[in-house]
Structures are given as C-alpha cells and as structure tokens.
Amino acid sequence: QVQVLDLDVIMKRTGEMPMVRFPHRPHTMWLDCGNCHEKLFKTRAGASDVNMMQILSGQKCGLCHGAVAFPLTECQRCHSVPRKKQ
C-alpha cells in the first residue's frame, strides 16, 4: 500500500542560493520511505549533511536526479524558496 506524505521540507543551508524545497508528496507517490530513510537521509530534520558535490557525484539526491529524475541543470526546481532581503 502506497503511503503518500504531503510534507515539504525546507533546506536552509544553501549558501547564497535560494533555499531548497523538498516535496515529499511526489517522491512518496512512487517511492517507499525506506528507499531514502535512513540510508541516504536521516529522518530528523537537519541531521543529514547534503551538499552539491555529493549530489553531482551521484550521492544523496543525485542518486536519482541526473539519472532517472529531472536533470541537475534545472537548479530552480529545487532551489525554489527565495531568501528574504534584509
């Protein structure tokens, strides 16, 4: 039975890039939680170290993105949450 989780996680540690919105909904429509947790990502927010070098080398998000999901050249699809101007 598919368990769809309608939860967005905002990843704030993105340097000066817009923050990343990770939408669980489209991922859990075709993946089980165990596909990513705990092997690739810890369930607790902020517990997983994720950076673009890992992703570009096929780790973390890069395991699928760049292979079977949309390409890594479409930055704005993940980096979609603008930072507030100070």
Side-chain angles (χ1 to χ4, degrees):
Q1 182 177 349
V2 176
Q3 292 182 322
V4 176
L5 178 61
D6 195 10
L7 170 72
D8 288 351
V9 172
I10 305 298
M11 300 170 80
K12 298 177 182 176
R13 293 182 286 176
T14 58
E16 293 192 19
M17 289 288 292
M19 295 178 283
V20 170
R21 178 185 316 274
F22 175 80
H24 275 89
R25 183 172 179 72
H27 291 86
T28 58
M29 289 178 77
W30 63 282
L31 291 169
D32 181 72
C33 299
N35 289 110
C36 299
H37 296 292
E38 292 290 311
K39 294 173 269 179
L40 298 175
F41 304 100
K42 302 294 179 200
T43 304
R44 188 173 55 85
S48 299
D49 178 41
V50 181
N51 63 60
M52 285 308 299
M53 289 304 294
Q54 293 170 321
I55 295 168
L56 291 168
S57 67
Q59 300 171 44
K60 307 287 183 176
C61 309
L63 189 64
C64 292
H65 290 281
V68 297
F70 65 80
L72 296 172
T73 55
E74 297 179 18
C75 306
Q76 72 284 357
R77 290 190 66 176
C78 295
H79 289 272
S80 62
V81 182
R83 296 187 175 279
K84 292 183 181 179
K85 304 272 183 189
Q86 302 232 7

Nearest 0.5 angstrom please: [X] [atom1] to [Y] [atom2], how far?
{"X": "T14", "Y": "M19", "atom1": "OG1", "atom2": "CE", "answer": "7.0 Å"}
{"X": "M17", "Y": "Q76", "atom1": "CE", "atom2": "CD", "answer": "9.0 Å"}
{"X": "H27", "Y": "L7", "atom1": "NE2", "atom2": "CG", "answer": "12.5 Å"}
{"X": "N35", "Y": "T28", "atom1": "CG", "atom2": "OG1", "answer": "11.0 Å"}
{"X": "C36", "Y": "F22", "atom1": "SG", "atom2": "CZ", "answer": "6.0 Å"}

Under 3.5 Å, side chain of [X] to main-chain N/O of [Y], donor-acceptor pair present?
{"X": "R83", "Y": "K12", "result": "yes"}
{"X": "H79", "Y": "P18", "result": "yes"}
{"X": "H65", "Y": "A69", "result": "no"}
{"X": "R25", "Y": "V4", "result": "no"}

ILVMFWY network linking W30 to V2, side-chain heavy atoms under 4.5 angstrom =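 Each belongs to a different hydrophobic cluster.
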request  = Find out if a path of hydrophobic residues (ILVMFWY) with successive side-chain heavy-atom gaps under 4.5 Å connects V81 to M11.
outcome  =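 V81 does not cluster with M11.
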key: Option among I55, L56, L40, L72 that satisfies the side-chain contact (heavy atoms from CB on, under 4.5 Å) test with C61   =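 For C61, the side-chain contact (heavy atoms from CB on, under 4.5 Å) check succeeds only for I55.
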request  = Check whether any side-chain heavy atom of V9 sits under 4.5 Å from a side-chain heavy atom of H24, and report yes or no.
outcome  =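 A side-chain contact exists here, since the closest heavy-atom pair is under 4.5 Å.
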query = Where do P23 and R21 come nearest, in terms of heavy atoms and distance?
reply =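 Result for this residue pair: CD-O, 3.2 Å.
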query = What pairs of residues pass the side-chain hydrogen bond (donor to acceptor under 3.5 Å, both in side chains) test when at least one of them lies in residues 41-56, not counting sequence neighbours?
reply =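 Passing the test, one end in residues 41-56: E38-T43.
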